[in-house]
Amino acid sequence: MEQKYNPHEIEAKWRSIWPKERDSYKLQPGDEPYYVLDMISYPSSEGLHMGHWRPYTIADVWARYNTLLGKKVLSPVGFDAFGLPAENAAIKNGRHPADYTVQSMGNFTRQIQEMGKMYDWSTLINTSSPEYYKWTQWIFTQLYKNGLAYKKAAAVWWCPSCQTVLANEQVISGECERCGSEVIRKNLSQWFFKITDFADDLLSFEGLNWPAQVKTLQTNWIGKSQGAEIDFKVVNSEDVIRVFTTRPDTLMGVTYIVVAPEHTLVTALMTDETKGKVEAYVLDASKKSDIDRMADDRTKTGVFTGSYVIHPITNAHIPVWVADYVVGTYGTGAVMAVPAHDQRDYEFAQVYDLPIQTVIEPVVGTPQEHPEYRQSIVALVHDPKQDRYLTINWGEMGGTLLIGGGREEGEDPVACAQREIEEETGYSNVAFINKTETIHHSYFAHSKNVARAIDAVGVSFELASDATTATRLEAAEQGKFTVEWLTADEADKRIIDPLHRCVFERFAKGNVYTGYGVLVNSGEFDGLTSEVAKDKIVAHLESQGRGRLTTQYRLRDWLISRQRYWGAPIPVVTCEKCGEQVVPDDQLPVVLPKDVEFLPTGGSPLERHPSFKHTTCPTCGGDAIRETDTLDTFVDSSWYFLRYTDPKNPSAPFSLEGVKAWLPVDFYVGGTEHSILHLLYARFVMKALHRLGHVPYHEPFQTFFGNGMVYLNGKKMSKSKGNIVNPDDMVKRYGVDAMRGYILFMGPADQDVEWQENGITGVSRFLDKAWQSFAKVDSSNNATSLSPAIQKAYQDVNAHLQRFTFNRCISSLMIALNEVNGHVNKAEAEVLIRLFAPFFPHFAEEVWSNLGHTSSIFEATWPEVKIEASQTASYVVQVNGKLRATLDVLATAEENEVIALASELTAVKSHLEGKSIEKTIFVAGRIINFVVR
RNA sequence: GCCGAGGUGGUGGAACGGUAUACACGAAGGACUUAAAAUCCUUUGCCCAAAAGGCUUGCGGGUUCGAAUCCCGCCCUCGGUACCA
């Protein structure tokens with residue numbers, strides 16, 4: 001059967017044999033369900049590109065691997081055919097979106113099937129079909145009925161090219177996520193989903209195996225910040241200006257108040273004298289685009305309103321200014337300005353010559369110079385290895401610290417840390433601030449004090465699953481470090497507090513001091529540390545009803561309405577008598593009519609379709625008007641993974657049993673560019689459905705694998721840049737398996753890679769050589785022993801699969817093939833080819849068949865190989881850490897024997913002569929290091 | 001500015017604190033061939049004629065018997081974010 005490897009023939013053959021539809025979402029008793037998913041894509045006529053191939057290949061490898069492990073794998077497929085991208089492409093091609101997407105889906109289907117993906121086409125869904133969007137609309141009505149969908153007038157982003165509003169998440173650096181046009185602000189009445197209701201829930205990634213980077217991105221996007229609201233009563237008026245601040249400890253340093261130009265009180269605040277100037281300023285600000293406001297030149301501008309407010313503690317009169325450095329949409333749209341301790345306020349004060357009042361003084365110096373502030377140091381950590389003492393300053397870290405793991409069951413971690421620290425240090429006034437439930441990775445990273453302390457002692461943090469934590473805990477358990485608490489006197493003698501060094505640096509750079517410290521010029525609060533002062537000042541205000549603790553988020557509600565045609569109609573009807581109401585379930589779907597003048601003109605196209613717009617009221621039967629906006633396509637894709645578990649169900653969006661069995665998705669693959677779009681929306685919808693009792697879980701994706709992008713000439717591949725590599729051409733030349741192999745071999749799957757055309761020849765040659773080796777297998781040879789090379793390949797491929805280092809899987813297979821040098825016995829071939837199978841499915845299937853098997857290799861099981869211990873051990877021999885020789889000995893050799901042999905090696909001996917051996921490092925089976933002098 | 005990821009040969013990239021440069025591409029030389037392609041063999045981090053030896057993971061320090069890896073201080077590249085109080 002010696003013949004040349006002909007990938008095209010083999011691949012076409014197996015694709016015609018493999019079943020396309022398998023109903024794999026239907027579970028049988030005893031099945032172990034495993035859900036592998038890649039992100040639903042919108043079908044474009046341009047076809048598949050590298051952006052599809054990479055995640056698709058990764059997901060397919062994982063699906064096939066898990067199939068071989070004996071799991072029942074669901075690997076579904078569908079198209080997100082609704083939405084702007086599809087509609088824009090249709091318009092460009094002069095077609096109706098419905099026809100255009102049907103054609104594109106046909107092309108896509110053919111191309112995907114040519115990839116040899118293990119998709120189950122019986123799951124096929126199309127978000128633009130009434131059978132699907134009926135349930136997208138149903139989800140809207142469910143959220144509406146529970147107060148999670150609402151319409152309101154707001155300043156929203158508008159894309160002048162796409163002629164529609166956009167969600168905040170869809171504006172990338174001031175440009176439309178789809179077309180790249182500069183967006184502008186408009187005041188419009190729009191529909192929103194109340195994602196802010198879930199802000200805190202979305203901050204927790206507990207139990208999820210997600211890349212830290214994506215978690216950080218989402219955490220920053222949500223932007224939680226804790227502080228206080230403080231009310232400033234306007235002089236000679238009943239009006240109150242409410243400000244938000246994270247620094248209530250600086251209240252005594254407030255020298256003016258700033259409101260945003262959009263603030264509702266601006267008109268009331270201006271006086272006859274200032275009216276002209278203020279109105280001109282506000283008008284000017286409204287004309288300024290956000291792009292201008294984002295420009296580099298940030299010279300602060302503003303104008304005095306003519307009004308004053310009363311300071312809630314001193315009763316002093318404080319001037320109120322309008323300035324556009326305060327944004328109207330965050331917090332309360334007003335700030336208390338503390339120019340002494342805030343960079344922006346300082347700059348503004350400089351421009352308009354406003355008073356600057358210092359109220360915080362940093363603690364400069366060492367603790368022994370300032371014993372009175374010792375309360376702000378919460379932990380002293382001793383690292384015996386380096387004999388150094390570290391402090392942890394709670395104010396810097398904002399999180400939960402578990403000291404030594406002595407937490408009793410159910411005990412609050414903060415309380416525990418406080419108790420332990422107080423017990424251990426004898427410090428009585430330990431100050432805690434920012435008591436958040438968990439430490440997020442970002443907090444952890446920018447607190448150098450804490451990071452240092454953890455490294456030194458392995459203090460356990462309550463972090464979401466994070467590899468570095470495990471390593472550190474391990475170190476602590478192995479007793480590499482101990483925690484030693486000093487008395488204050490002992491510590492004072494030896495400690496240098498890193499925080500204080502940091503303070504010096506800030507001053508050296510000439511910045512405004514924005515850190516924590518001790519209050520001065522603050523009357524009754526003088527001498528308190530920032531941490532303590534915050535609590536006391538807020539408590540004081542609260543007792544008078546002038547302030548309270550509060551939390552702000554950067555996250556805004558999700559704007560879901562679009563003034564475009566190609567989307568699910570928002571299922572709302574407004575009747576003069578009965579008011580606004582959602583369409584009842586039995587009248588869903590609200591069908592999107594086809595005969596619509598859909599070219600974007602700024603208004604909703606459905607508005608111009610009288611028989612759609614004018615309808616009857618579901619309640620009273622009278623005349624009523626339909627909502628003519630359509631839903632953002634991200635709504636369609638925020639629940640599709642649920643539909644796959646029961647894709648044809650006509651009476652429900654999904655079945656509870658299906659969701660219970662399959663969700664959360666075990667392995668989800670896609671580009672990290674969706675970190676704060678799709679991935680955040682999908683989590684929100686899942687949490688909302690969970691709150692309403694429709695699903696038993698609140699997270700959709702257990703493991704998310706974010707694949708990197710493929711670049712060409714240093715830039716993301718895109719048609720407009722003209723730097724596209726067409727996968728089809730590669731497949732035509734080298735075959736699908738070579739293409740898959742190369743996609744994986746290029747580099748780590750989670751990192752961006754630069755496309756190198758030549759690289760694929762290496763994989764192609766490898767397959768060719770492998771083919772020759774398998775073809776030579778002597779099937780009459782009954783030997784069962786497996787060569788060390790095959791054993792190693794088995795070990796390595798397994799290890800690399802666990803770590804998702806697919807590039808190393810391929811190189812391990814290459815190494816094995818080089819090692820066996822064209823000769824494998826039948827037993828070895830049967831193991832090796834199954835290791836090939838997830839990566840090179842067609843190739844493996846053909847070889848498997850040639851080896852005499854009548855059923856598919858994917859009905860076989862992943863091999864189990866017993867690893868035999870090696871007979872010999874190979875030592876590296878060093879002198880003073882420099883490599884001098886290698887030494888092969890029997891694995892059973894004793895330590896002193898090996899050392900004796902090593903010291904006699906000529907290459908070693910010459911470096912030992914005339915010197916005395918101070919120490920000999922011996923690591924069994926690995927290394928010998930002679931330390932000489 | 002802030003947050004995150006990264007910096008290793010000519011290139012893509014390997015390396016639980018333990019032989020740095022695996023695997024592959026490319027290049028050079030050779031074999032086969034009338035010739036080319038394909039294939040096979042050899043060489044391929046730098047210095048030195050070779051050997052011996054020395055140097056080398058962005059830069060500078062440190063810890064360690066031993067550092068690409070850990071710590072401290074910098075520089076550069078790429079992503080995210082942006083007057084968020």
Side-chain angles (χ1 to χ4, degrees), chain A residues 172-174 211-217 219-221 223 225 227 243-247 250 258 293-294 298 300 323-327 329-338 342-345 347-348 383 385-386 388 441-443 445-446 448 451-452 455-456 471 475 498 511 514 552-554 672-673 675-676 708-709 711 714 742 745-748 750-763 765-766 768-769 799 805 807-808 810-815 818 874-886 907 910 918-923 926-932:
Chain A
I172 315 289
S173 309
Q213 191 192 344
V214 177
K215 292 190 277 188
T216 305
L217 238 43
T219 302
N220 291 345
W221 184 260
S225 69
V243 305
F244 172 73
T245 180
T246 55
R247 295 296 301 274
T250 63
V258 189
R293 274 173 87 160
M294 276 186 243
R298 301 217 175 164
K300 305 250 180 315
D324 66 3
Y325 81 89
V326 172
V327 291
T329 49
Y330 181 78
T332 58
V335 301
M336 58 177 221
V338 186
D342 182 283
Q343 188 67 35
R344 296 152 302 181
D345 297 341
E347 286 164 16
F348 190 79
D383 172 12
K385 203 175 171 191
Q386 298 182 33
R388 61 182 180 181
H441 193 269
S442 55
Y443 286 124
H446 68 60
K448 286 189 176 173
R452 214 182 306 189
D455 281 327
T471 328
N511 290 340
T514 57
Q552 288 291 337
Y553 299 89
R554 212 192 78 109
T672 34
E673 69 270 20
S675 296
I676 45 179
M709 288 190 289
Y711 288 85
Y742 181 55
F745 186 60
M746 282 194 293
D750 58 352
Q751 282 173 33
D752 294 345
V753 283
E754 175 76 22
W755 175 262
Q756 296 253 315
E757 176 108 12
N758 292 332
I760 195 170
T761 60
V763 179
R765 284 175 196 163
F766 160 71
D768 209 43
K769 279 190 262 186
T805 45
N807 53 329
R808 295 285 281 132
I810 305 296
S811 71
S812 295
L813 293 174
M814 287 174 167
I815 291 167
N818 290 346
S874 183
Y875 281 87
V876 169
V877 187
Q878 299 181 334
V879 178
N880 282 350
K882 278 205 191 305
L883 171 75
R884 295 302 173 187
T886 56
S910 61
E918 303 274 302
K919 194 154 92 167
T920 304
I921 307 289
F922 179 84
V923 182
R926 274 228 157 117
I927 201 162
I928 301 156
N929 188 10
F930 295 107
V931 185
V932 302

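To find a chain, count down the sequence lines: A is the first, B the second, and so on, and within it residues start at 1.
Note on A:Ile815: only backbone sugar-phosphate atoms sit closer than 4.0 angstrom, heavy atoms only; bases stay farther off. Residue contacts shown for A:Val931 are limited to sugar-phosphate atoms, with no base heavy atom under 4.0 Å away. Counting non-hydrogen atoms under 4.0 angstrom, A:Asp768 reaches nothing in the nucleic acid. A:Arg765 comes within 4.0 angstrom of sugar-phosphate atoms only, judged by non-hydrogen atoms across all strands, and of no base. Residue contacts for A:Asn807: at a heavy-atom cut-off of 4.0 Å it reaches the sugar-phosphate backbone alone, with no base atom in range.
Computed from coordinates, the A:Phe745 CZ to B:U11 P distance equals 17 Å when rounded to whole Å. As rounded to whole Å, 13 Å separates atom C1' of B:G13 from atom CD of A:Glu754. The separation between A:Asp324 atom CG and B:A82 atom P is 16 Å, rounded to whole Å. Note: CD1 (A:Ile172) to P (B:G79) measures 13 Å, nearest angstrom.
For B:A27, the paired nucleotide is B:U43, the pair qualifying as Watson-Crick or G-U wobble because both relevant distances are below 3.5 Å. Partner assigned to B:C83 is none, using Watson-Crick or G-U wobble distances below 3.5 angstrom. Pairing for B:A15 is absent, with no Watson-Crick or G-U wobble pair whose two atom distances lie under 3.5 Å. Across all strands shown, B:A35 has no partner, as no Watson-Crick or G-U wobble contact with both distances under 3.5 Å is found. With a cut-off of 3.5 Å on both Watson-Crick or G-U wobble distances, the partner of B:A52 is given as none. Across every strand in view, B:U63 sits unpaired, with no contact that passes the Watson-Crick or G-U test at under 3.5 angstrom. Across all strands shown, B:A22 remains unpaired; no Watson-Crick or G-U wobble contact has both distances below 3.5 Å. Taking a pair to require two hydrogen-bonding distances under 3.5 Å in either a Watson-Crick or a G-U wobble arrangement, B:C78 pairs with B:G4.
In this structure, the side chains of A:Val931 and A:Asn880 come closer than 4.5 Å at one or more pairs of heavy atoms. Counting heavy atoms from C-beta on, the side chains of A:Met814 and A:Val763 come closer than 4.5 Å.
B:A14 and B:A82 have their P atoms separated by 32 Å, given to the nearest Å. A gap of 24 Å separates the P atoms of B:G79 and B:C74, to the nearest Å.
Contact annotation: A:Tyr325 does not reach the phosphate of B:A85 (side-chain N/O to OP1 or OP2, under 4.0 Å). Phosphate proximity of B:G80 to A:Ser675: absent, as no side-chain N or O sits under 4.0 Å from OP1 or OP2. Between A:Lys300 and B:A85 there is no side-chain polar atom (N or O) within less than 4.0 angstrom of OP1 or OP2. Residue A:Arg808 places at least one side-chain N or O under 4.0 Å from the OP1 or OP2 atom of B:A15. Between A:Asn220 and the phosphate of B:C2, there is no side-chain N or O to OP1/OP2 separation shorter than 4.0 Å.
Judged by distance alone with a 3.5 Å cut-off, a donor-acceptor contact links the side chain of A:Gln878 to the base of B:G18.
Comparing atom distances between the A:Val327 side chain and each of B:A22, B:G4, B:A85 picks out B:A85 as nearest.
Heavy-atom nearest nucleotides on RNA chain B were determined for A:Phe930 and for A:Thr329, and the one closer to the 5' end corresponds to A:Phe930. Residue order along RNA chain B, read from the 5' end via each residue's closest nucleotide, puts A:Gln213 first among A:Ser874 and A:Gln213.
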